[in-house]
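Just below is one structure, and these are the notes that go with it.
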Amino acid sequence: MESLASTSRPLRIAIIGAGPAGLYAAEALLKQRDIVLKIDLFNHFPTPFGLVRYGVAPDHQSIKAVTRVFDRVLADLRVRFFGNVTYGADIHHQDLKQFYDQIIYAIGAQADRRMGISGEDLPNSLSATAFVGWYNGHPDYRNLSVDLSCERAIVVGNGNVAMDVARMLVISPDVLAKTDIADHALEKLRASKVREVVVLGRRGPVQSSFTNPELKELGKLAGVDVIVNPRDLELDPISMSALEGNHAALANLKCLHQYADYSERSAPRRITLRFLVSPVEIIGKDGGVAAVRIVQNELVADANGVLRAQACGESEICEAGLVLRSVGYRCLPIEGVPFDHATSTMSNSTGRIVDPTTGEAVPGEYVVGWAKRGPSGLIGNNKPDSVATVEAMMADLPQLQGIHDEHRDLARIEALLRGRGIDYVTYHDWKALDQYELAYGARRQCPRVKVTTVADMMAIIRHG
Ligand code: NAP
C-alpha cells in the first residue's frame, strides 16, 4: 500500500477552530516538505480569526494585521474552510475519526473564571469576556445589557484583559469611531458617564500579569490621569527579591512609580490602579451594582513558594455602578476529548491528546493554543506552540494507521454536512462577507463595520 501523506493517499487533517492557534497550526502543516495533505478547518461562526476578531481591543488595530498571514493560509488550495459548523452539534467526534487521519483541537478558552463572591451575578456585574465580546461585535454578546450611567466602574484583575477593558471605558469615543468597534458599543460609550475606573490587583505590582506596553499605554490616553498610591509600591522582602533580574516586573514598577509621582491631576477621567486588594462582596441596590466591599491583602508564600494573596486588616466600601471581572478565561470540555479539570485544559502531553486513565496518547488527536496550555500568552505566542504540536504530528506519522482510503474522498464531508442541512460557509463565502464589511467601513472611514448576527452574516453571504 502507498504510504500515508503521498499523492495517492493524501493526509487528511481536520482542525477544529479557525482562531490564531488553529491557523498557525495550518500554516506550519502547509510548510511541511514531502507531505501531501488536505486540511479542513471547521469553525463555529461564519467568520474566521477567533480572538483576533472578537478579543483584540478595537484600538489595537495593528495586532489585527496578522489576519493577512491567516488569509494566505485560508486561500491555500490545500485548505478548505467550513464556517458556521459547530463541533458537537453539526459535526461529531465519530465523523472526524471516520474522515480524518489527524485532528487538531484549537477551540480556545471561551468561558470566564468566576470570583465566587456574593453579588457576582447582579445586573451590571459582568465578565470581561462578555464585555470584550460586546464591544467587539461578538454575536453572543451583542445584546449584553451594559449600563454606563454610573461615575465609577471597578475592574477586578491585573492582566492585559483588565488593561483592555479599563482603557475602553475611558478612551475617547472619537478615537474608537476610527476603529472596528461595534456600533452598539460606540453609541453607549459616547453617552457613558463613567469618569473613574478602579483596577483591583489582588497581589502586588511585582506579581501583576499585565505587560509593560499595555501599562504604559494607559499613561498616553488623552484626557485620562493614571493614579497610583505610592504606598502600594512599597514592596515586602519576598517581592523585593523576586524583582532581581525580572526585567518585566522592573519595567512595570518603574512605570508605576512615574504614575505615582505625577502630581498634576486635572484630566476629566481617571484610571486608579490599586494593589493588594480583593473584592469580597458586590453590594446591590435598586436591581444593580451600588458598591464593592474590598479587603486589604498581604502576600503569603504557599508550600511551593508561590506568593498568594491573603486577606488581612479592615475592609472598605468602594462605591461603583459597574463591575467587570477580568480574572481569566477557562476552556470547557468538548465531546469525545479527555479533559483535565485540574488545569481546565484538554488532557495532553506536549500537544498529543492523552487518555488520563492510561497516560497513553490517543492516536491522531492533538491540541493547540489555550485549550492545550491554558489561557495565557499573546496572539503571537500561539505560533511556536502550534509549531510544536505539528512537529509531534509529523513525528507520529510513521506509526499512524490512518482512515480507510474510501473515506479520503474530499466530497464525502461536504455531502455529510449538506445531508444534515448545515449551511456551511466556504472561504469564498467568507471573502464576500469580508468585502462587505470592508466596503461598509470605507464609507464610514473606519477599517471595517462588523456584522454582528449570524443571520445577517448568512443573508449577506447568500443574497449579497
Ligand atoms: P491573566 O494574564 O492570567 O490575568 C488574570 C488576572 O486575574 C491576574 O492578575 C490574576 O491574579 C487575577 N485573578 C485571578 N483570579 C482572581 C480573583 N479571584 N480575584 C482577583 N483577581 C484574580 O489573564 P487575562 O488578563 O485574561 O489575559 C489572558 C491572556 O491574554 C494573557 O496572556 C494576556 O497577556 C493576553 N492578552 C494580551 C493582550 C495584549 O497583548 N494587549 C490583551 C488581552 C489579553 P493572580 O496573578 O493573583 O492570579
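Start at 1 and go down the list; that is how both ligands and their atoms are numbered.
- Within 4.0 Å of ligand 1, counting heavy atoms only, the contacting residues are His60, Val156, Gly157, Asn158, Gly159, Asn160, Val161, Asp164, Arg202, Arg203, Ser209, Glu214, Ser326, Val327, Gly328, Tyr329, Trp370, Pro375, Ser376, Gly377, Leu378.
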Asp183 and Lys450: CA distance, side-chain angles, deciding distance, salt bridge (Lys or Arg N to Asp or Glu O under 4.0 Å) verdict: CA-CA 9 Å; Asp183 282 352; Lys450 286 183 197 162; over 6 Å; no
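- Aromatic ring centroids of Trp430 and Phe49 lie under 6.0 Å apart.
- Side chain of Arg269 to main chain of Val170: a donor-acceptor pair is present (N/O by atom type, distance under 3.5 Å, no hydrogens or angles).
- Under the 4.0 Å criterion applied to side-chain N and carboxylate O atoms, Lys431 and Asp71 are assigned as salt-bridge partners.
- Remark: Glu316 does not engage Arg293 in a salt bridge, criterion side-chain N to carboxylate O under 4.0 Å.
- For the pair Glu437 (side chain) and Asp434 (backbone), a donor-acceptor distance under 3.5 Å is absent.
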